[in-house]
Number of protein chains: 2
Amino acid sequence: MSTLSKTSDEILASARVLIMSSGYNGFSYADIAEVVGIRKASIHHHFPSKVDLVRTLVARYREDAQEGLSSLERNVQDPLEILQLYAGHWAKCIEDASRPFCVCALLASELPSLPPEVAAEVTAFFRFISSWLTSVMERGAKAGTLNLTSTREIEAEAFMASVHGAMLSARAYGRPDVFAAVLAPTLHRLSGTGIQ
Amino acid sequence: MSTLSKTSDEILASARVLIMSSGYNGFSYADIAEVVGIRKASIHHHFPSKVDLVRTLVARYREDAQEGLSSLERNVQDPLEILQLYAGHWAKCIEDASRPFCVCALLASELPSLPPEVAAEVTAFFRFISSWLTSVMERGAKAGTLNLTSTREIEAEAFMASVHGAMLSARAYGRPDVFAAVLAPTLHRLSGTGIQ
DNA sequence: GATGGGCTTCCTACCGGAAGGTAGGTATGG
DNA sequence: CCATACCTACCTTCCGGTAGGAAGCCCATC
């Protein structure tokens with residue numbers, strides 16, 4: 001939770017972009033150095049090793065997500081609307097290519113080859129999103145505004161899986177619009193409308 | 001479609017295992033050489049470059065899938081049962097760790113950094129699975145045995161996304177059983193039972 | 001039926017470059 | 001004065017890939 005220097009932030013930001021496109025083994029200190037405009041060795045001053053860098057990056061990524069979702073919940077009460085806005089957020093990020101993929105979804109696919117410290121952070125991220133979605137499902141079920149057919153936990157996992165799978169398809173086809181198209185029926189079903 | 005030598009097959013098989021766990025940038029010729037029991041340079045005799053190797057591997061992967069799904073359709077007619085068996089096949093592969101992840105799903109996540117030839121094969125694989133699932137949905141809709149709420153195409157994409165997302169979650173948690181758990185409600189919904 | 005191409009398969013040895021990381025120095029600013 | 005931030009220069013290891021040769025095998029020719 002410590003405040004890092006401006007350069008550290010730039011290093012993390014460029015690493016995030018690079019990881020989002022190629023994963024852990026797909027970027028190097030040299031790549032970051034070129035983007036940030038400093039020398040390769042200088043990065044080691046801020047992050048002694050690649051593991052340090054990515055562990056910090058993923059931890060921050062989770063903190064940012066926690067903050068973002070908290071603020072979302074402060075502004076919106078309806079569980080269905082929360083899910084729609086969550087999906088819409090990703091749809092926008094993918095469509096404008098600002099965040100074309102979830103860092104942790106990409107890292108999770110490479111999990112067996114990740115350094116254990118990084119792998120642990122990735123697992124923690126999944127657990128966080130899952131438990132947050134579970135709480136949203138819980139509220140929706142109690143309020144009767146969400147149409148659930150399984151336990152809250154499973155519905156949460158299924159929703160998360162749809163989001164990640166939709167990202168993957170959008171990337172595989174090179175068609176950002178696929179994300180929203182794939183998520184539409186899921187949201188439609190959760191809304192309860194259109195089911196005879 | 002050519003028949004390759006025994007050594008070529010072993011190279012492809014070990015590369016497949018390595019890619020399934022770490023992706024394109026996560027394995028090297030040295031890794032394969034160690035598994036197969038030949039020298040690194042000998043691999044270049046069978047596959048001049050890494051791109052050749054992986055392009056061949058993915059093309060074969062798609063051919064194998066085509067064969068497997070054809071044989072599945074020869075033995076089973078009911079669309080719902082086909083989807084259940086498809087999901088069950090993956091559940092088994094993940095659970096016994098024989099094929100813990102789809103090669104093309106992993107490569108798709110790294111798509112922006114893949115050599116174009118490999119990327120094209122990965123996209124082709126997605127298109128193939130998608131169009132196959134679409135045809136299954138089509139038949140299920142016509143026969144009235146599948147409960148669809150969107151177009152066949154979108155239902156197919158959504159199903160594929162669920163499968164890929166479920167794989168990812170199973171890997172992220174290190175819990176193979178998550179795959180089947182996440183897919184259960186989707187299959188349940190498609191079966192039409194349990195919806196009031 | 002030996003002989004010698006020619007092909008396949010694998011080898012040793014090597015290349016240039018990129019990887020992550022280290023050592024040690026120099027500005028700068030509180 | 002000293003910590004921070006960044007530098008040049010260098011290290012080892014690994015990467016994908018190449019050169020050139022040795023062994024085995026098929027098979028046509030003398």
Side-chain angles (χ1 to χ4, degrees), chain A residues 2-58 103 106-107 110 112-119 121, chain B residues 2-58 103 106-107 110 112-119 121:
Chain A
S2 57
T3 303
L4 299 179
S5 73
K6 189 183 151 236
T7 305
S8 292
D9 281 338
E10 286 178 35
I11 291 169
L12 287 173
S14 67
R16 204 188 57 211
V17 171
L18 289 163
I19 289 185
M20 270 189 308
S21 93
S22 328
Y24 187 85
N25 293 311
F27 81 99
S28 70
Y29 270 39
D31 296 330
I32 296 175
E34 199 177 347
V35 174
V36 176
I38 57 175
R39 297 287 152 162
K40 210 179 54 150
S42 304
I43 302 173
H44 288 281
H45 169 71
H46 299 275
F47 304 98
S49 76
K50 195 176 182 180
V51 173
D52 290 313
L53 200 170
V54 179
R55 187 175 9 85
T56 306
L57 164 58
V58 177
V103 166
L106 215 169
L107 291 177
E110 303 173 314
S113 68
L114 290 184
E117 302 95 318
V118 176
E121 290 289 345
Chain B
S2 58
T3 303
L4 298 180
S5 74
K6 191 183 150 231
T7 304
S8 293
D9 281 338
E10 286 178 35
I11 291 170
L12 287 174
S14 66
R16 203 188 57 211
V17 172
L18 290 164
I19 288 185
M20 271 190 308
S21 92
S22 327
Y24 187 85
N25 293 310
F27 81 100
S28 71
Y29 271 39
D31 296 329
I32 296 175
E34 199 177 349
V35 174
V36 175
I38 57 176
R39 295 288 152 161
K40 209 180 53 150
S42 304
I43 302 173
H44 286 281
H45 169 72
H46 298 276
F47 303 98
S49 76
K50 196 177 181 180
V51 172
D52 291 313
L53 201 170
V54 180
R55 187 176 7 88
T56 306
L57 165 58
V58 178
V103 166
L106 215 169
L107 291 177
E110 304 174 313
S113 68
L114 291 184
E117 302 95 316
V118 176
E121 290 288 346

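The figures here come from the full heavy-atom set of this structure, side chains too, leaving out hydrogens, waters and symmetry mates. Since we're looking at a predicted model, the values are computed, not measured. In what follows, every chain begins at residue 1, and chains take the letters A, B, ... in the order their sequences are listed.
Under a 3.5 Å cut-off, the side chain of B:Ser14 and the backbone N or O of B:Ile11 do form a donor-acceptor pair.
Using a 4.0 Å cut-off, some side-chain N or O of B:Thr7 falls inside it from OP1 or OP2 of C:dC10. For the pair B:Ser5 and C:dT8, the criterion of a side-chain N or O lying under 4.0 Å from OP1 or OP2 is not met. Taking side-chain N and O atoms only, A:His45 has a distance below 4.0 Å to OP1 or OP2 of D:dA5. Using a 4.0 Å cut-off, no side-chain N or O of B:Ser42 falls inside it from OP1 or OP2 of C:dT9.
Atom pair B:Asn25:CG and C:dA18:P shows a separation of 15 Å (rounding to whole Å applied). Nucleotide D:dT8 holds its C1' atom 9 Å from the CZ atom of A:Arg39, rounded to whole Å.
A:Ala33 and A:Ile43 get closest at one heavy-atom pair: N-CD1, 3.7 Å. Nearest approach of A:Leu106 to A:Gly23, heavy atoms of both residues: CD2-CA, 3.6 Å.
Between B:Val51 and B:Tyr24, the closest side-chain pair of non-hydrogen atoms falls below 4.5 Å. Taking 4.5 Å as the limit, every side-chain heavy atom of B:Leu114 sits out of range of all side-chain heavy atoms of B:Val54.
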Dump every N/O contact between nucleotides 15-19 of chain D and the protein below 3.5 Å, one line per pair.
| from | atom 1 | to | atom 2 | distance (Å) |
| --- | --- | --- | --- | --- |
| D:dC15 | OP1 | B:Ser28 | OG | 2.9 |
| D:dG16 | OP1 | B:Phe27 | O | 3.4 |
| D:dG16 | OP1 | B:Lys50 | NZ | 3.0 |
| D:dG16 | OP2 | B:Tyr29 | N | 3.0 |
| D:dG16 | N7 | B:Lys40 | NZ | 3.1 |
| D:dG16 | O6 | B:Lys40 | NZ | 3.2 |
| D:dG17 | OP2 | B:Lys50 | N | 2.7 |
| D:dG17 | N7 | B:His44 | NE2 | 3.3 |
| D:dG17 | O6 | B:Lys40 | NZ | 3.3 |

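Salt bridge annotation for B:Lys6-B:Asp9: absent, with no cationic side-chain nitrogen under 4.0 angstrom from a carboxylate oxygen.
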